[in-house]
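The next block holds one structure in the form of structure tokens; read it before the comments.
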Amino acid sequence: MLHRRIHMTTYNIALIGFGGVNRALAELIATKNPLWERDLGFRLNIVAVSDLYLGSVISPNGLDAKTLVEANFAKGGFGQLSGGSAEADNETIIKTAPADLIVEATFTNPKDGEPAVSHCRWALQSGKHVVTTNKGPVAIAAQELKAVAHANGVHFEYEGSVMSGTPVIRMAERTLAGAEVKGFEGILNGTSNFVLGRMEGGLDFATAVKEAQILGYAEADPTADVEGFDVRLKVVILANELLGASLKPEEVTCKGISKLSPSDIENAAAANSRWKLVGSAVRNEDGTVTGSVSPKQLPFEHPLAGVNGATNAVSLNTELLGSVTITGPGAGRIETAYALLSDIIAIHNAQATAKREAA
Ligand SMILES: NC(=O)C1=CN([C@@H]2O[C@H](COP(=O)(O)OP(=O)(O)OC[C@H]3O[C@@H](n4cnc5c(N)ncnc54)[C@H](OP(=O)(O)O)[C@@H]3O)[C@@H](O)[C@H]2O)C=CC1
Ligand SMILES: N[C@@H](CC=O)C(=O)O
């Protein structure tokens, strides 16, 4: 009889930011560790959390994920826990918590990516892997952070920075390797797509944005969603990852949906079309890459016109396969927490491969 020896790994993790996404990850940890142990070969143990509102806490033996999720902590509430403080001491937590891996899910700053860029840099310099859904550090400092990760023998992973848990970055880079991506266009913001759909149903703009906030789709400041700044970061991330560009956000033209009036929406419907916020990039003949974000009136039969709600889709224009479209959730708490899990799985598998090769 064949006996398979199971090697169980526990990853100690520190959560930076404890809003919708990292809370959802803690919720998954509270219920799914036994399944992950069985199917993935690892479990996750939360040894620290830091959040602007709640404060910070370090517990080397681990915090109970269920308690973290269910306890209704007040402002500074982590200060009452053993090892806790009412302040979000991110730098100390990131540098000193006994964590293998830092999960960065604070707010996306579309201007300079801070303080998340510093959070990622501190973690990588301390020899800790980073997984993040934060678009700021990836769009603005990916090259630097990848180099710091490499120099310190750790990983920097960010699948959730584009299309939430829908695997667009890894899918394009790994499964479509060699297909030669020449450009892409897509719906890359769940909130604005949801808002446009609700407006088509007759709801006013402000109420539709409120609904997207309640559902956990919107940015902390939803201006980023409706003015296209969020899509601009995602266009930069995809262009730099898939087209080998080195675009900066300010090099991508950007117009959002906030100026679309109810009559624009009605007129589009009367012409068998609908408005969509489209992000795109293309490699030009001379090798340069041009990116743009703007609302487009698409005929009903256009492949992106039927993408509704917080669903996103991106059509990759490839040399060898023609157009390949990837579609799936583009926002949502659990959906985005899944992206973090997928990053951790990628790190786990890479470590296992490295160990096998070293043996
Ligand atoms: N929600 C989604 O569908 C998706 C989100 N993302 C990205 O994931 C990240 C997290 O999103 P989400 O959880 O929805 O956002 P939330 O706004 O719900 O959570 C962010 C949390 O981080 C805290 N925070 C902000 N700044 C700091 C700081 N400097 N130090 C410590 N904590 C801080 C916030 O506290 P406070 O509220 O007090 O400011 C809040 O609790 C964002 O960058 C977002 O762009 C990516 C893909 C999809
Ligand atoms: N606010 C963003 C969240 C994911 O990046 C969106 O609505 O798409």
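Note that the numbering runs from 1 along the sequence shown for the chain. These values consider heavy atoms only, across backbone and side chains, with no hydrogens, waters or symmetry-generated copies. Note that ligands are numbered from 1 as they come in the structure, with each ligand's atoms numbered from 1 the same way.
Atom 5 (C) of ligand 1 has V21 CG2, 3.9 Å as its closest protein atom, hydrogens excluded (heavy atom only). Closest to atom 6 (N) of ligand 1, if we only count protein heavy atoms, is T133 O, 3.7 Å. Of the protein's non-hydrogen atoms, the one nearest atom 15 (O) of ligand 1 is G20 N, 4.5 Å. With hydrogens left out, the protein atom closest to atom 32 (N) of ligand 1 is L52 N, 3.0 Å, a heavy atom. In terms of protein heavy-atom proximity, atom 38 (O) of ligand 1 is closest to Y53 CB, 3.4 Å. Protein heavy atom at the shortest distance from atom 17 (O) of ligand 1 is A220 CB, 4.1 Å. Ranking the protein heavy atoms by distance from atom 19 (O) of ligand 1 puts G19 CA, 3.2 Å first. Protein heavy atom at the shortest distance from atom 48 (C) of ligand 1 is T336 OG1, 3.2 Å.
Annotation: E87, atom CD; neighbour count of heavy atoms from other residues, nucleotides and ligands within 6.0 Å does not exceed 12. Taking a 6.0 Å sphere around CG of N72, one finds it holds 12 or fewer heavy atoms contributed by other residues, nucleotides or ligands. Within a 6.0 Å sphere centred on CD of E250, heavy atoms belonging to other residues, nucleotides or ligands number more than 12. Applying the 6.0 Å contact sphere to NZ of K182 captures more than 12 heavy atoms from other residues, nucleotides or ligands. In Y338, the OH atom is not crowded: 12 or fewer heavy atoms of neighbouring residues, nucleotides or ligands sit closer than 6.0 Å.
Within the set G165, A105, G332, G113, the minimum heavy-atom distance to atom 10 (C) of ligand 1 is found for A105. When the heavy-atom distances from atom 43 (O) of ligand 1 to L233, L340, T106, D221 are ranked, the shortest goes to T106.
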Show the atom names and distances, to 0.1 Å, of all donor-acceptor pairs under 3.5 Å that link a side chain in residues 303-313 to residues at least two apart or in another chain.
from: N308; atom 1: ND2; to: G306; atom 2: O; distance (Å): 3.3
from: T311; atom 1: OG1; to: N308; atom 2: O; distance (Å): 3.2

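When heavy-atom distances to ligand 1 are checked against a 4.0 Å cut-off, N134 comes that close through both its backbone and its side chain. Only the side chain of P115 comes within 4.0 Å of ligand 1, judged by heavy-atom distances. Contacts of K135 with ligand 1, taken as heavy-atom pairs under 4.0 Å, involve the side chain alone. Under 4.0 Å from ligand 2, not a single heavy atom of S164 appears.
Hydrophobic clustering keeps V131 apart from M163 (ILVMFWY residues linked when any side-chain heavy atoms are closer than 4.5 Å, directly or through intermediates).
The distance between the ring centers of H348 and Y11 falls below 6.0 angstrom.
Short contacts between ligand 1 and G160, defined as distances under 4.0 Å to a heavy atom of the residue, involve ligand atoms 46 (C), 47 (C). Short contacts between ligand 2 and E219, defined as distances under 4.0 Å to a heavy atom of the residue, involve ligand atoms 1 (N), 2 (C), 3 (C). Distances below 4.0 Å separate heavy atoms of E219 from the following atoms of ligand 1: 44 (C), 45 (O). For ligand 2, the atoms lying closer than 4.0 Å to a non-hydrogen atom of G190 are 6 (C), 7 (O), 8 (O). Residue contact check: Y217 has heavy atoms under 4.0 Å from atoms 1 (N), 2 (C), 3 (C), 6 (C), 7 (O) of ligand 2. Atoms of ligand 2 found under 4.0 Å from any heavy atom of A218, numbered from 1 in the order shown, are 1 (N). For ligand 2, the atoms sitting less than 4.0 Å from at least one non-hydrogen atom of G330 are 4 (C), 8 (O), numbered in the order shown with element in parentheses. Close approach of ligand 1 to G216 (heavy-atom distance below 4.0 Å) involves ligand atoms 1 (N), 2 (C), 3 (O). Applying the 4.0 Å criterion to heavy atoms of T191 picks out, from ligand 2, the atoms 1 (N), 6 (C), 7 (O). Listed by atom number, the atoms of ligand 1 under 4.0 Å from A331 heavy atoms are 3 (O).
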Practice prompt. In sequence, state the C-alpha distance, the side-chain angles, and the governing distance for E219 and D221, and then conclude on side chain to side chain contact (heavy atoms under 4.5 Å, CB included).
Written response: CA-CA 5 Å; E219 294 302 301; D221 176 359; 5.5 Å; no
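Pairing each heavy atom of K128 with each of V154, the nearest pair is O-CG2, 3.7 Å. Considering every non-hydrogen atom in both S280 and E185, the closest pair reads CB-CB, 3.7 Å. Taking both residues in full, the closest heavy atoms of A239 and A281 are given as CB-CB, 4.1 Å, listed atom of the first, atom of the second, then distance.
On a distance-only criterion, F107 and ligand 1 share no N/O pair closer than 3.5 Å. Considering backbone and side-chain N/O atoms, T108 comes within less than 3.5 Å of an N/O atom of ligand 1. By the 3.5 Å distance cut-off applied to N or O atoms, D225 is counted among the residues near ligand 2. For ligand 1, the polar-atom distance check finds an N/O of D51 within less than 3.5 Å of one of the ligand's N/O atoms. Below 3.5 Å of separation, one finds no N or O of G330 facing any N or O of ligand 1.
For atom 8 (O) of ligand 1, the nearest protein heavy atom lies under 4.0 Å away. Put simply, atom 3 (O) of ligand 1 has protein non-hydrogen atoms near it, under 4.0 Å away.
Of the possible polar contacts, one joining the T353 side chain to the N349 backbone as a donor-acceptor pair under 3.5 Å is found. Listed for the E211 side chain is no donor-acceptor partner under 3.5 Å among the backbone atoms of L215.
Ligand 1 lies nowhere less than 4.0 angstrom from a heavy atom belonging to R333. Ligand 2 has no atom lying under 4.0 Å from any heavy atom of M163. By the 4.0 Å heavy-atom criterion, N90 is counted among the residues contacting ligand 1.
Ring-plane geometry between F73 and F78 is classed as perpendicular, the angle between the planes exceeding 60 degrees on a 0 to 90 degree scale with a lower cut at 30. Using bins of under 30°, 30° to 60° and over 60° for the plane-to-plane angle, the ring pair H155/H129 lands in the tilted bin.
With K135 as the partner, the side-chain contact (heavy atoms from CB on, under 4.5 Å) test is satisfied by one option alone out of N109, V231, L233: L233.
Looking at K146 and E241, a side-chain N of the basic residue comes within less than 4.0 Å of a carboxylate O on the acidic one, giving a salt bridge. With salt bridges taken as basic N to acidic carboxylate O contacts below 4.0 Å, none links K66 and E27.
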